[in-house]
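This report refers to the structure that appears directly beneath it.
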Protein chains: 2
Amino acid sequence: METLNTEEITIKDIAKVCGVGVSTVSRAINNHPDISPKTKQKIADAIEEYGYIPNNSARNLRRIDGKCIAVVVKGVSNPLFADAVQIMEEEIKKRKYSMVIRYVNFDEQEVDVAIELAKEKKLAGVVFLGGYFVREKKKLQKLRIPFVLSTAGANVDNISAEEYSVFCVDDEKEGYRMTDYLIRLGHKKIAVLSGMPDDASIGKLRLKGYKRALKEHGIAVDEDLILHMKRDIRFYSMENGYQMTQELLTGRKEFTCIFAFSDAMAIGACRAIADAGKKVPDDYSVAGFDGIEMGDYYNPQLTTIKQPIHEIAMESVTMLFEILDKKSENVRRIFSCELLERESTRHRKVL
Amino acid sequence: METLNTEEITIKDIAKVCGVGVSTVSRAINNHPDISPKTKQKIADAIEEYGYIPNNSARNLRRIDGKCIAVVVKGVSNPLFADAVQIMEEEIKKRKYSMVIRYVNFDEQEVDVAIELAKEKKLAGVVFLGGYFVREKKKLQKLRIPFVLSTAGANVDNISAEEYSVFCVDDEKEGYRMTDYLIRLGHKKIAVLSGMPDDASIGKLRLKGYKRALKEHGIAVDEDLILHMKRDIRFYSMENGYQMTQELLTGRKEFTCIFAFSDAMAIGACRAIADAGKKVPDDYSVAGFDGIEMGDYYNPQLTTIKQPIHEIAMESVTMLFEILDKKSENVRRIFSCELLERESTRHRKVL
DNA sequence: TTGTACGCGTTATCAG
DNA sequence: CTGATAACGCGTACAA
């Protein structure tokens, strides 16, 4: 039982080696102005030589203002968010803040994570990317620092007015837009791959838009054509889309078209159709939602609703900083999507 | 200038409210055995009521053994790693450890990140997922805690013997395996979408295997058919594959087949071929590497080298814990891949 | 320009 | 079973 381990090197060691006080080393590390170039260099050399790395826990504990923004992403697997994160990182760095990303699973509470992080890192603000904020008001109040809701299912009924800063698309409108488009292509029996049965967020809204479009065109809503995601499969995933489509194909319900509430599910649908020996768009049209990069590369290229993720990301961060600087109150910006008409949809075959 | 903010609630407040000492609260929080159920409940209630959340920085600072494993992932976008991370999380939780994931970009130093994290969180061990460990020996020595290299380009010449625990595939062999397969399909002019020109890791090894296969079949290596990734585009991405393939298609060099060193690049190649009005596999065969989920769903389904990522992930964590428990020395396990023959490749057309 | 000393919130130790 | 107290490593008033 020897103690041959952990001679961890601290700021004191560096100070001792350089024959200076710890505060001088601290100043050197944090680029304070009031330090002579000579001592600063000496300290830098010692740090390099001994491979000293400051302990972040200690720093965070002592620090008042971390100059740090957290981006809390719900759903690692959403490829849409990869771009958003990158843009946010650039914007945050541009303002001399540091950024910390935290990915949370669908079964985790993003607000709890943020609250914990805020304490730990002395955050200046938080960007919530994705996630639903239904019945989270109380929790959000416990988060004492400014935050924005980005690409969140936040135009939900529950979250009204200017309580929060929200940057998102109008899921109802976009659900309508796509459905309307599909109907104009001649489709009447449009199956839909939607969210969870108890979804109260984007899935619910897109579905609402779908139904409204049908009604306006005088088409009855057929509940049998509304499929819900499986709870035990990753949400909005290819596999979930695949499974739902298989059910459709083996069922007795007729349909000519599938509207999936994510591009990933649309791709799953395409594969299921191919596996059944049918063709997209000849036998069935398939449309997605999101505008992920893969939709471009897929064969056939996916017809979809493209979310302006770049603008959303940019605007979210910009506004967060304006709020931090007290230059702005909460705002709520709804972004318009673009309907990309591509290869996976076509006019309904006239028999 | 009022001070109307941050009445942050700490462990002391809870202690005061409950009429106990802070150490008792600490014990309650950390589930220490030596505490009466009654006080424990009282404390739990107070925590609930006041919404107290412990400060992680302070905890980490004081804590000796964090019972925490870090997984450092190089390349967020690699879909292969999503599965691996999930498996690792399960295994780590099963052993009552917590897990922290950190995604690093290609231009970041994963070892530095790990060293910093180790100090900050008092880590027990680290799993490096992806990443190349060429000329990193000195740095890895500074990381004083046990670690394993998983799916790393670690069977590189530079990293020899049993210095580290390594879990990976034999990239040279698998590069050979695929090339050999393609040659047996009748292809002689096989273009390859490889890594960076100065790659010293997986890209280099797969290329080595490719060349060896050609030579063994008596086919001369044509350097013009060896394309390298663009530095300014995300590595191993669809876009990178697309660009390289476009160059191939517009160039004067003949080829009948493309071997891409990632499935993503293979998909990019398929799209470029489609955009040029050609067909896969009728006009060109395309093969990938990795075995990502998308290869299953893509149209045509991708012929590829499937890495046994589940086994690699499982084994990596298992061995890390054995090393932590001093039950094992460093090991080096090479996993064998599976060649999935699917729709994107076919026999060379006989003209 | 530099050094000393205190405190951030928590856990480990030790004495009751 | 419980409480007081000393660290943990760093940043920052304040003194020099």
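In what follows, chains are A, B, ... by sequence order, proteins preceding strands, each numbered from 1.
- Rounding to whole angstrom units, CD1 of residue A:Ile14 and C1' of D:dC10 are separated by 13 Å.
- The side chain of A:Asn60 places no N or O atom within less than 4.0 Å of a non-bridging phosphate oxygen (OP1 or OP2) of D:dC10.
- Taking a cutoff of 4.0 Å between a charged side-chain nitrogen and a carboxylate oxygen, A:Lys96 and A:Glu91 do not qualify as a salt bridge.
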Show me the protein contacts with nucleotides 4-6 of chain D, counting only N or O atoms at under 3.5 Å.
| residue | atom | partner | partner atom | Å |
| --- | --- | --- | --- | --- |
| D:dA4 | N6 | B:Ser23 | OG | 2.9 |

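- The distance between atom CZ of B:Arg63 and atom P of C:dT13, rounded to the nearest whole Å, is 14 Å.
- Look at CG on B:Asp34: it is 16 Å from P on C:dA15, rounded to the nearest Å.
- Taking atom CD of residue B:Glu116 and atom C1' of nucleotide D:dG9, one finds them 14 Å apart after rounding to whole Å.
- Checked for salt-bridge contact, B:Glu89 and B:Lys93 meet the test: a charged N lies under 4.0 Å from a carboxylate O.
- Using a 4.0 Å heavy-atom criterion, one finds that A:Asn30 contacts the sugar-phosphate atoms exclusively.
- For the pair A:Ile53 CD1 and D:dC10 C1', the interatomic distance rounds to 15 Å; values are reported in whole Å.
- Counting to the nearest Å, the C1' atom of D:dT2 and the CD1 atom of B:Ile43 are 10 Å from each other.
- Residue A:Lys119 contributes atom NZ, which lies 13 Å from atom C1' of C:dC8 at whole-angstrom precision.
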Taking Watson-Crick and G-U wobble contacts under 3.5 angstrom, with | marking pairs to another strand and [ ] crossing pairs, the secondary structure of DNA chain D is written ||||||||||||||||
Quick one: do B:Tyr103 and B:Phe81 satisfy ring-ring contact (aromatic ring centres under 6.0 Å, His included)? Show the steps, please. CA-CA 10 Å; B:Tyr103 295 92; B:Phe81 293 161; 9.0 Å; no
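- A:Val113 places none of its side-chain heavy atoms less than 4.5 Å from the side chain of A:Val111.
- Distances shorter than 4.0 Å separate none of the side-chain N or O atoms of A:Arg59 from OP1 or OP2 on D:dC10.
- Comparing C:dA12, D:dC8, C:dT2 against the side chain of B:Leu61 picks out D:dC8 as the nearest.
- A sub-4.0 Å separation between OP1 or OP2 of C:dT1 and a side-chain N or O of A:Thr39 is absent.
- Ring geometry for A:Phe147 against A:Phe128 counts as perpendicular: the plane angle is over 60°, on a 0 to 90° scale with 30° as the lower cut.
- For C:dT2, one of the phosphate oxygens OP1 or OP2 lies less than 4.0 angstrom from a side-chain nitrogen or oxygen of A:Ser36.
- Comment: A:Arg59 does not engage B:Glu116 in a salt bridge, judged by the lack of any side-chain N to carboxylate O separation of less than 4.0 angstrom.
- Here the side chains of B:Arg63 and B:Lys121 are not in contact, with every heavy-atom distance at 4.5 Å or above.
- OP1 or OP2 of D:dC10 has not a single side-chain nitrogen or oxygen of A:Ser26 nearer than 4.0 Å.
- Distances shorter than 4.0 Å separate none of the side-chain N or O atoms of B:Thr10 from OP1 or OP2 on C:dG9.
- Remark: B:Asp45 does not engage B:Lys40 in a salt bridge, criterion side-chain N to carboxylate O under 4.0 Å.
- Contact between the side-chain N/O atoms of B:Asn55 and the OP1/OP2 oxygens of C:dC8 is not found at any separation under 4.0 Å.
- Look at CG on A:Asp13: it is 13 Å from C1' on D:dC10, rounded to the nearest Å.
- By the 4.5 Å heavy-atom criterion applied to side chains, A:Val100 and A:Val71 are not counted as neighbours.
- No side-chain donor-acceptor contact under 3.5 Å links B:Ser23 and B:Ser26.
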